[in-house]
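Worksheet: the structure to be examined is printed underneath.
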Amino acid sequence: MILSHPLLDDLNSEQQQAVSIAGGPVMVVAGAGSGKTRVLTHRIAYLIQEMGVRPDAILAITFTNKAAREMRDRVGELLGATVNNMWVSTFHSACARILRREAHVFGYRSNFSIYDRSDSVRLVKHCLNDLGLDASRLSPRGLLNKISGAKNDLVDYETFLDRAEGPMEVAEVYKLYQQRLLQMSAMDFDDLLMVTVELFGAVPEVLAKYQHIFRHVLVDEYQDTNRAQYLLVRDLARKHRSLFVVGDSDQSIYAFRGADYRNFDRFDDDFPESRRVTLNRNYRSTSTILDAANEVISANLRADPKDLWCDQGEGERITVHQGHGSVREAQFVARRAKKLVAQGYNPADMAVFYRTNAQSRAFEEALRRAKLPYQVVGAVAFYQRGEVKDVVAYLQVVSNPDDGVALRRIINTPRRGIGRTSLGHIERYVSDQEVSLREALEVADDIPGISTRARKGVKELADVLGRIRGHLESEGVGRAAESAIFDTRIAEMATAAGGIEAEARSDNLAELSRVAYEFESSLEADLPPMERLGRFLEGASLVSDPDNLDEGAGAVALMTVHSAKGLEFPVVFVVGMQDGLFPHERSISDPDELEEERRLFYVAITRSMERLHLSWDDTRMVGGYPYPQVPSRFLREIPDRLVEKVGGPAFQPGSNASTASAGLATSGGAVRPFRGIVRQSGFEVGDRVRHPDWGLGRVLTISGRGMRASATVFFPDLKERRELMLSVVERVSGFGP
DNA sequence: CATAGCGGGTTTTTT
DNA sequence: ACCCGCTATG
């Protein structure tokens, strides 16, 4: 049945059904390219226009801030008016906003700081130090991952302690870390979610209040919600039961940060009256691309077959290119891109996806040489750059003087004579007197052992912070940022170091100042200065990589496959298609993780509309040494009829044997041990091994630790690679330079 | 107190 | 190859 209605006219019947369902919980299972964004925007417009819902009763969760902006605009266009007071944001932004108002219940101040990954790592290091634990033995990063994992599962440190999983040290660190965060009025990314859920659990009135406000909740990319996010949604929607979620479990790619596609099943349990609509018509890709995607994903035991179909025609075959060295792989991409531009494509129609950020360099270089404009999304993000973080840290301290991480960052940046010795005395005072760093600095003159120079430095710091605050209060955020750039002499410092970098640093600072002024003008006029600054800092903390993709830039986009989620491009290059890279070696030994890698590849493929180019490189540099590479197992999952092979004489369809030995031959004696792996397993890539049944073989990749290391080994006699535990093979000497 | 130089560890993906 | 923290030196 096709309904006739302005909001429904250009939708297919399944989309119409989803958009116009009367009420109650709805789950839309939306295959790749099936128009889920359309459905969401139309649904919101429909709620407002047809069901008389007030925009401020709607909470819509998107995966990026950019998607939120676009959704808001799109709804506005559909309704022919700008929509105000509708909450369209990411989980993290929405939680931050709620917590600004409510977190005082738990003792956080409303101006709490939001810590990114690197801030959190710093804090963990401090905690390790103060607990007298050895940071080189317990990696701060690793600890943070454990803490983060616990938080995503809503396990607080007390519960963590009770359960006493693993060594007590982790629990100790977790506890201190969390106490410090609270003392400093700071939250990490995971806290934003966890504390909100805890708040709803602990204070029923607060939950009731937000249930009342958000009578209608919509969630995009539902397959990537973690436990905290799931509970948040469930709690909010429990009362009015108007919950509309859209997702595709085959595109679930964030398990490493707690995402759980089983939230699909839980949805049915918690909302048994829910209705389900499946969208399986693809509007994005050619049938060639779609067939490849369907084949690849069907290799997953846990695939959720949606029988995607389309009528966009066959289009071009998928090219698979073998490069020889990353330079040539990148050259291939650049040349092909150039050719397509000559054929009428815009550089902005094209994107290069890779598994890891570290791969971007070669492609940047090649595109630069080909004189094609490009933009790298993510990688070393703007707000992560040293000089930018410094300025932001000053502003952060102005906003929240208890923010010890920010304060430690700027205390002697630029140098003002507060060196290790003085800082040591101050830190001792902090722990002895149990005061905050801010309080210690206020009485620095009375702390023994501090040099005159350092005392002066502390005073200078206080002065400059005062100045920034003054500018903020009289002239606003833009001027405050400028003050934090120039009055602190960070601008001077940025130029002074010289080199090509100097210019880039100055540009970054100029950009930061511009962004601050621009942000300022987007705020309501009656907001007090401190609150304006808080909003600015919050925005800076919560920008995501894809947020700064500029479609209007006319440039080829370079990004990780993760960042590419939700995007589409006429031409897509997926590069680095090698076993050990994609799928990543860390995932190969675990079937679940391997399936996640395959979903990731599925996401990559399904971004492309017209042309898909896959490429792999038969050598790879790790730590300065070349390593032989074999093509990704995923390439073999694409039927030959869809593929055209380009380049690489060694490439033989369906066989990795020739390429593996070719890779070894070309790198020859240059294959060297990767030190870290040697220490862990005693084996090296390139080692010859003997297996009781399969004979002699050569180690291609190693993953895992100690005696439990596993490897992919190529056995010439079998003409194939096998995965095995290294402990079951015997090493054979005689290989090497 | 600042800086240069060295040794050790290291990257998967991200809000 | 790169980043970080430690140490020796100015």
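Here is how names work: the chains are called A, B, and so on, in the same order as the sequence lines, proteins then strands, and each is numbered from 1.
- In this structure, A:Leu423 atom CG and B:dC1 atom C1' are separated by 12 Å, rounded to whole Å.
- Rounded to whole Å, atom C1' of B:dT14 lies 8 Å from atom CZ of A:Arg117.
- Whole-Å rounding puts the A:Leu600 CG to B:dT13 P distance at 11 Å.
- Residue A:Pro546 is classed as a sugar-phosphate contact, given heavy-atom separations below 4.0 Å to backbone atoms only.
- The separation between A:Gln578 atom CD and B:dT12 atom C1' is 15 Å, rounded to whole Å.
- Counting to the nearest Å, the C1' atom of B:dT14 and the CD atom of A:Glu221 are 14 Å from each other.
- For the OP1/OP2 pair of B:dT13 and a distance below 4.0 Å, the side-chain nitrogens and oxygens of A:Ser563 include no atom meeting the criterion.
- Using a 4.0 Å cut-off between a side-chain N of Lys or Arg and a carboxylate O of Asp or Glu, A:Glu597 and A:Arg633 do not qualify as a salt bridge.
- On the C1' atoms, B:dT13 is 23 Å away from C:dC4, given to the nearest whole Å.
- Two residues, A:Ser93 and A:Ser422, neighbour DNA chain B, and the one matched to the more 5' nucleotide by heavy-atom proximity is A:Ser422.
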Check the pair A:Asp188 / A:Ser120 against side chain to side chain donor-acceptor pair (under 3.5 Å), numbers first and verdict last.
CA-CA 7 Å; A:Asp188 64 19; A:Ser120 301; 4.6 Å; no

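- Judged by centroid separation below 5.5 Å and plane tilt below 30°, A:Phe91 does not stack onto the base of B:dT15.
- Ring geometry for A:Phe112 versus A:Tyr108: interplanar angle over 60°, hence perpendicular rather than tilted (30 to 60°).
- Side chain A:Arg586 to base B:dT12: no donor-acceptor pair is found below 3.5 Å.
- For the OP1/OP2 pair of B:dT13 and a distance below 4.0 Å, the side-chain nitrogens and oxygens of A:Asn357 include at least one atom meeting the criterion.
- The aromatic rings of A:Phe634 and A:Phe582 stand perpendicular to each other, their planes meeting at an angle above 60°, with 30° marking the opposite boundary.
- Rounded to a whole Å, the OH atom of A:Tyr383 is 19 Å from the P atom of B:dT14.
- Contacts of A:Ser541 with the nucleic acid, taken as non-hydrogen atoms under 4.0 Å apart, are absent.
- Ring geometry for A:Phe200 against A:Tyr210 counts as tilted: the plane angle lies between 30° and 60°, on a 0 to 90° scale.
- Between the CG atom of A:Leu232 and the P atom of B:dT15 there is a distance of 18 Å, rounded to whole Å.
- Here the side chain of A:Phe256 is nearest to one of C:dT7, B:dC1, B:dT13, namely B:dT13.
- With distances taken from any side-chain atom of A:Arg141 to the nucleotides B:dT12, B:dT14, B:dT11, the minimum falls on B:dT11.
- Here B:dT14 is the nucleotide among C:dT7, B:dC1, B:dT14 with the atom lying nearest to any side-chain atom of A:His562.
- OP1 or OP2 of B:dT3 lies within a sub-4.0 Å distance of a side-chain N or O belonging to A:Arg415.
- When each of B:dT12, B:dT14, B:dT15 is scored by its nearest atom to the side-chain atoms of A:Ser587, the top-ranked nucleotide is B:dT12.
- Here B:dC1 is the nucleotide among B:dT11, B:dT15, B:dC1 with the atom lying nearest to any side-chain atom of A:Arg453.
- Atom CD in A:Gln359 sits about 11 Å away from atom C1' in B:dT13, given to the nearest Å.
- With respect to A:Ile450, the side-chain contact (heavy atoms from CB on, under 4.5 Å) criterion is satisfied by exactly one of A:Thr421, A:Asp445, A:Ile426, A:Val458: A:Ile426.
- The side chain of A:Thr90 lies closest to B:dT15, out of B:dT12, B:dT14, B:dT15.
- Nearest nucleotide to the A:Lys125 side chain, out of C:dG5, B:dT13, B:dT3: C:dG5.
- Between B:dT10 and A:Ser139, no contact under 4.0 Å exists linking OP1 or OP2 to a side-chain N or O.
- Nearest to the side chain of A:Asp545, among B:dT14, C:dC2, B:dT12, sits B:dT14.
- Contact between the side-chain N/O atoms of A:Asn412 and the OP1/OP2 oxygens of B:dA2 is found at a separation under 4.0 Å.
- Across A:Gly566 and A:Glu221, no two heavy atoms sit closer than the pair CA-OE2, 4.2 Å.
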